[in-house]
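See structure below.
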Amino acid sequence: MTATLPAPAHDRPARRARRGTRTGVPWLALAVLLAFALAVAWPGALAPQDPFAENIAQRLSPPSTAHLFGTDELGRDLFSRVVHGARASLLTALGALGFAIGLGLLIGLPAGYLGGATDRVLMAAVDVLLALPSLLISLIVVSGLGTGRANLALAVGLASVPALARVTRAEVLRISTQPFVEAAHGYGLSRPRILLRHVLPHSRGPILALAALELATMVLSVSALSFLGYGAQPPDPEWGTLIAAGRSYFATSWWLTALPGAVLAVVVLALHRAGRALGATEVRPV
Amino acid sequence: MNTRPPRSAAAHVLRRCAHFAVVLFAVYTVSFFLLYALPGDPVALMLERRSAGAGGGTPEQLAALRARYGLDDPLPQRYLSTLGALLTGDLGTSFQSGRPVPELLAAVAPGTLALAGAALVLAVPFSLALALLTSHRPGSPAHRILVNVPALLAAVPAFWLALLLVQVFSFGLGWFPSAGGEGLPGLVLPAVSLALPVSAALTAVLVRGLDDVQRAGFVALLRARGLPWRRVYLAHVARNALLPFVTLTGLTVGGVLAGTVITETVFARAGLGRLLASSVETQDAPVVLAIAVLAALVFAAVNLLTDLLLPLLDPRLRHRTDGARA
Amino acid sequence: MSAETVLRLDGLTVRHPARGGEVTAVEDISLTVPAGRCVALVGESGSGKSTTLNALLGLTPATARTRVRRLEFADAPGGAPRPVTDPAALRGRSVGLVPQDPARALDPLVRIEGHFAELYRHFTGLKDRAEARRRTVAALAAVGVDRPEARLRQYPHELSGGLLQRVLVALALTGEPRLLLADEPTSNLDVTVQRRVLDLFDALRAERGLALLLVTHDLAVASQRADELIVLRGGRVVESGPTDRVIGAPRHPYTRQLVTSLPGRLPRTARPAAGTDAAPAAGTGDGPPVVLAARGLAKSYPGARGSGPVAAVRGVDLTLRRGRTLAVVGESGAGKTTLLRLLTGLERPDAGTVLLDGTPVGTGRRARVAFTRRVQLVHQNPAGSLNPALTIGRIIAEPLAAHRIGTARHRAERARALLEAVGLPAGFAAQRPARLSGGQAQRVAIARALALDPEVLVLDEPVSALDQAVQLALLELLDGLQRRLGIALLLVTHDLGVVRATADEVLVLHRGRTEEAGLADALFTAPASPYTRALLDAVPALRLPVTPPFHERTPSS
């Protein structure tokens, strides 16, 4: 006779699924990101029409098969404008990311590896940036440097420097205390070679994961600042600017604000998913 | 390294205060040089805006104004004089409106504080409830679905969410006013659109904390002693997971304040955020500088508060008068 | 005492879902625990001990498939065992659990009295705080907690491991269970503490007629304390029966192997003229010359928030002779690891010097590098000390590359030769360390340490993380290497069995100071310090006939 023990409903798998470390490849997110990469590299391949071609006869027409996302107040095809806007939005964010990673490594690597006074000075500088909300940092930079895409990238990038510098430093510190790094000290390997051969390769993962999440945040920040009017100037299509322009008509033409925003959310979600697949666990405070 | 004498709790508080004073000073310095050291002539811009259409000011007018705002002095001297003024409580005069900055801030601050407060009052209980619901049964279908909600909320652009809310609840259903709006009804939509992105981060951290604590050895043991799961979950798991949540809530206050820039713009509410947005546009440096220092001050104060609060919640962080273990 | 049965488990099988089917964690396990007796479940890691224990309390993951033929429990003394359908019903009132890791077993935010009050409220509905306190004090006193009133307001992190384990025993008893499950109750405790906790279990059995199911990996502990042994391997029972019978005449080859490889029974290696050595402290004299020595080493670290610096090592002298083995022994926190880091130059001492061949080691980078060629460290955690991104061949050859010795091809050949010297196939050179078992990783770490032909090998707890059979093989390897290469070994360990098997000289550390130092034989037979004596007495060991030393035995597979 065999009896099956009832497993109480609230029994939880205690040792299952370590947090954060998703191993599955996020195919859907990758496909979405590839599509956006194509839109950045070659918008003509995806956009059915010229994003600047006006057609007053068809102004403010709702989404249809002819105009997937409808048309704006000048009759321009919104879908084409969104596709072309990817370049302005995403390239600005990528520029910001490059700036943030560069500065983050420049601060984090020496802070973590050299320690001591270097570490204290560099981390104090980072603390200053952390004492302000990131949007405020961006606004101060924009206020000082003026508007425009390059300044916007700098403004948004600077806001992400603290997070990247801290993760880099923490990773370098973590790896530096690993027994295999200590073992390398033990058999007399020189410090630069230890950094190059043992520390850097192992810190790459978490930094990349954070970079994916930061890129998502940056895409949001770039469009928020563009929405406020500090980024790309009309008639250049940029997602934040498109949404801002759609505001004037949004009581009647919902698609002008809703659809570009939805596209924006999809990119951000895909980046989040990619970041989690790389092992990131954090959703940062806004 | 070298020996450190035992520190008392009061010394600890003093040290934290000193640290924040240094950070505040650094924030002021960085903001000052970012705002003033860069090219661009705020006086010309100001005159242009003030007399829009009237053809700008004469060179004499420009010079007089520059002298009045001290813009002709060398940068280090201006830095010191501004700092001195700041320390005596003088926040300067707006380039744009010509009014004293405190007056400008005081006029709009209550609206922003009400908005930020309302958003926090919504966000904290909402994320608490959502996280407790999510983690109650890890591995269950509810957990697998709900655990994605924070990421989804975080992916939604705040300004877009605000616009959608207006679309649905003002234009569609007509429940709340779309813009301006006095009193409570006018506060609902702005507060919700400000609270949701904040809740995303709060919920994510709390869910992770709850899931982590459930894997701790003491939870299995409590269950092995026969305590009901509800009791273990609420009295032990949730209590332990609350510690990082408190820290993060402190950190979020800054984010909420910054978020008002967008929310107030979308809902056309008067407030610090909108004042900041327009000051950035007109490069009204005294106003931007004052708001930056004010934000850093609030941020520092809230963090100091959480810092002092945590040892009350977590005995392991308390100072031991004697280092000996029993 | 009557052999009245408290728990009868028959035919337990637990399967976990896995990729492409199921993994069987335990299969067809049966056991019976009589009242007042101690039954020990013995097995190495992964043998299914913990799964069995979790299944008994209905704590297996929801995804696991658990089946039993029969589960019976006798709740009242003298009553017949009743069938149990839901094992969760046994929790607390029938079966009390004493967990593995006392430091993590209590909610850190709750005071000691809070833990008890919660259980009293749950088990008896008691809400009166004064009454709960009174009972708590009595419960704490009953398990030998000193100053029980003072403990009420303390938090778990303020208590030591041994005291916490007593508190946990008291908590397990609050539901007045008839059976205690003890899951490796002492494996994280020092030997002297371990002994006192095990004595407490014995006393409770005698006083209250409690039955005890002891789960342990330590056959010595089990054989000392249990009436019956159940030996698990790979989720199955390989042998069970009365303790004397299982230890005295093991039937299954696995049990035999376990019994012969017990640490306390590790054979003494034959030492050339060990008895004629001069006193260890003397720098010159008879015997081989001194390679590594330390004079007055001291090191302290900044303490936790709010307390002063903690002295980890205070004024330790030691002497290591060529081709000999010195064991540094002590309980956790005695300063063993710090001493070792000072000796290998990973940290600088606050005071004192390290001497190599009688000359102080310089502090410059050049001197450091020269030092590393002659003194090599093998880390406590061998797997962690191997960079997972590199191949094993590259790992072993890296010390040579660091010192620019030989061409790349020559280094690769040397790596393969070293692998064979530590008893691993040369083909491992192309693999990465992730797939190595604990013993193999330790061998790779030793091979790397040997790459520079050092004169001194410093080993930090070389076998503590390994299963018993693997421990024996590794100690045999070290012994063979020492004979062949004539290197001096400095061994840091808490395991006196290992010391007895390998060391020529012993240094006992206690709270950062040298408690006693001398020849191993003398120290084991006539310890001078009371602390050493207590340490020796606390070691659980079997009294069995002496087995021949390593080199007279045929190498085990």
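Lettering of chains follows the sequences in order, A, B, ..., and the numbering in each one begins at 1.
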* Structure fact -> Per-residue tally against chain C (heavy atom, under 4.5 Å) across A:H185, A:Q178, A:H198 peaks at A:H198
Between [options], which residue shows the highest count of heavy-atom pairs closer than 4.5 Å to chain A?
options	value
C:I395, C:T372, C:N387	C:N387
C:R373, C:H16, C:R368, C:H403	C:H403
C:T344, C:D10, C:T13, C:L346	C:L346

Heavy-atom distances under 4.5 Å only: say whether [X] touches chain A with side chain, backbone, both or neither.
X	answer
C:R341	side chain
C:A383	neither
C:R366	neither
C:L452	side chain
C:L400	neither

* Asked: Nearest heavy-atom pair of A:G188 and C:V369: which atoms, and what distance?
  -> O-CG2, 4.3 Å
* Where do C:S385 and A:A183 come nearest, in terms of heavy atoms and distance? -> O-CB, 4.0 Å
* Asked: Can you tell me if CZ on A:R197 sees more than 12 non-hydrogen neighbours from other groups inside 6.0 Å?
  -> yes
* Dump the intermediate steps for side-chain hydrogen bond (donor to acceptor under 3.5 Å, both in side chains) on A:Y187 and C:E398, then the final yes or no. => CA-CA 8 Å; A:Y187 51 70; C:E398 200 171 50; 2.4 Å; yes
* Answer whether the closest heavy-atom distance between the side chains of A:H202 and C:P388 falls below 4.5 Å. => yes
